[in-house]
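Contents: one structure, followed by commentary.
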Amino acid sequence: MAPTNSDIWAQSILCNDNMRRRFSDEQIKSLENMFETESRPELRTKQQLAKRLGLQPRQVAIWFQNKRARSKSKQLELEYRMLQISYDNLGSKYELLKKEHESLLIQLQRLRKLMEKDENEKDVIKSETEVKQDDFGLPLCEDSRGIDYLGPESDILDMAQIADGLSEIENGYNFESRTFLHDNTACTSPLWEF
DNA sequence: TTGTGTTTTATTGCCTCC
DNA sequence: GGAGGCAATAAAACACAA
């Protein structure tokens with residue numbers, strides 16, 4: 001029966017002095033160089049390399065196997081670190097958005113109070129005097145030059161519109177409901193579980 | 001010097017492919 | 001069924017603080 005490659009390898013190991021030795025710097029350098037161009041060299045290539053470096057073909061094969069394992073583990077470590085960095089960045093962004101959200105809510109409250117106050121004043125004036133109104137029912141004021149213009153009321157109207165807009169943002173900008181995120185992404189990543 | 005942690009070389013067992 | 005790859009692990013070699 002013809003010996004298999006495994007037999008030949010096993011025999012060659014036994015023929016060695018049976019001492020485990022680290023490879024020399026030169027051997028490592030050559031192996032590293034080869035690994036850079038081909039991480040899974042063919043049998044023939046490994047045999048040639050082994051002959052050139054004075055190693056057993058099996059030792060070269062094992063070195064490549066171990067090197068692939070080390071390389072994979074380093075790559076995984078790198079990917080893990082990159083993910084961690086982007087996770088941290090996302091967390092910072094979330095905190096900034098949260099603060100912005102809170103500040104907008106405060107602004108919204110102020111505007112509402114302003115509107116309420118103005119409504120009250122308007123009621124008082126309405127009850128005391130007859131107010132000239134424009135086509136849209138808005139109060140029409142007349143300045144000293146006799147030009148009609150929209151008075152402070154229109155400013156309040158603009159504020160009210162802004163406030164309504166903010167209110168819509170407030171409702172839509174809800175991390176709990178995740179509607180702020182596009183629904184089609186249906187993100188269930190724990191990254192959002194702050 | 002020695003105890004301990006890390007790295008490197010080698011083995012084993014299982015899996016896939018031809 | 002053999003060849004070769006991978007994961008898990010053993011064991012030797014090495015680094016280094018105490």
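Computed from a predicted model, the values in this text were never measured in an experiment. Throughout, protein chains are lettered first and strands after them, A, B, ... in sequence-line order, and every chain is numbered starting at 1.
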Could you go through residues 68-85 of chain A and list every donor-acceptor pair under 3.5 Å that involves a side-chain atom there, pairing it with any protein atom two or more places apart or in another chain?
from	atom 1	to	atom 2	distance (Å)
R68(A)	NH1	S39(A)	O	2.7
Q75(A)	NE2	E79(A)	OE2	3.3

Below 3.5 Å, can you tabulate the donor-acceptor pairs from side chains in residues 24-34 of chain A to any protein atom, sequence neighbours excluded?
from	atom 1	to	atom 2	distance (Å)
S24(A)	OG	Q27(A)	N	3.1
S24(A)	OG	Q27(A)	OE1	3.4
Q27(A)	OE1	S24(A)	N	2.8
Q27(A)	NE2	L53(A)	O	2.8
S30(A)	OG	E26(A)	O	3.3
E32(A)	OE1	K67(A)	NZ	3.0
E32(A)	OE2	K67(A)	NZ	3.3
N33(A)	ND2	K29(A)	O	3.4

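Atom CZ of R40(A) is separated from atom C1' of dT16(B) by 13 Å (rounded to the nearest Å). Rounded to whole angstrom, the span from the CD atom of Q65(A) across to the C1' atom of dT9(C) amounts to 13 Å. The CD1 atom of I62(A) sits 8 Å away from the C1' atom of dT9(B) (whole-angstrom rounding). The interatomic distance linking L55(A) (CG) with dT9(B) (P) rounds to 10 Å, in whole Å. Between the C1' atom of dT8(B) and the NZ atom of K67(A) lies a distance of 11 Å, rounded to the nearest Å.
Atom CD in Q48(A) sits 10.0 Å away from atom CG in L43(A) (nearest 0.5 Å). If you take NZ on K46(A) and CD1 on I62(A), they are separated by 10.0 Å, rounding to the nearest 0.5 Å. Atom CG of D118(A) sits about 12.0 Å away from atom CG of L111(A), to the nearest 0.5 Å. Considering CH2 of W63(A) and CG of L49(A), their distance stands at 9.0 Å, rounded to 0.5 Å.
With salt bridges taken as basic N to acidic carboxylate O contacts below 4.0 Å, one links E119(A) and K122(A).
Of the side-chain N and O atoms in W63(A), one or more sit less than 4.0 angstrom from OP1 or OP2 of dT9(B). Considering only side-chain N and O atoms, Q59(A) lies nowhere under 4.0 angstrom from the phosphate OP1 or OP2 of dT9(B).
When the nucleotides dT11(B), dG4(C), dT9(B) are ranked by their closest atom to the side chain of R58(A), dT11(B) comes out on top. The side chain of L43(A) lies closest to dG4(C), out of dG4(C), dG5(C), dT9(B).
Of the residues in residues 70-81 of chain A, those placing a heavy atom less than 4.0 Å from an atom of DNA chain C are K72(A), in numerical order. Listed by residue number, the members of residues 26-39 of chain A with any heavy atom below 4.0 angstrom from DNA chain B are I28(A).
Counting heavy atoms from C-beta outward, L97(A) and E100(A) have side chains that approach closer than 4.5 Å.
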Close N or O pairs between protein and nucleotides 12-14 of chain C (under 3.5 Å):
from	atom 1	to	atom 2	distance (Å)
dA13(C)	OP1	R20(A)	O	3.0
dA13(C)	N3	R22(A)	NH2	3.1

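I106(A) forms part of no hydrophobic cluster, judged by ILVMFWY side-chain heavy-atom separations under 4.5 Å.
By the salt bridge (charged side-chain N to carboxylate O under 4.0 Å, His left out) test, E121(A) pairs with no residue at all, sequence neighbours left out.
Between N66(A) and P41(A), the residue anchored nearer the 5' end of DNA chain C, judged by the nucleotide with its closest heavy atom, is P41(A).
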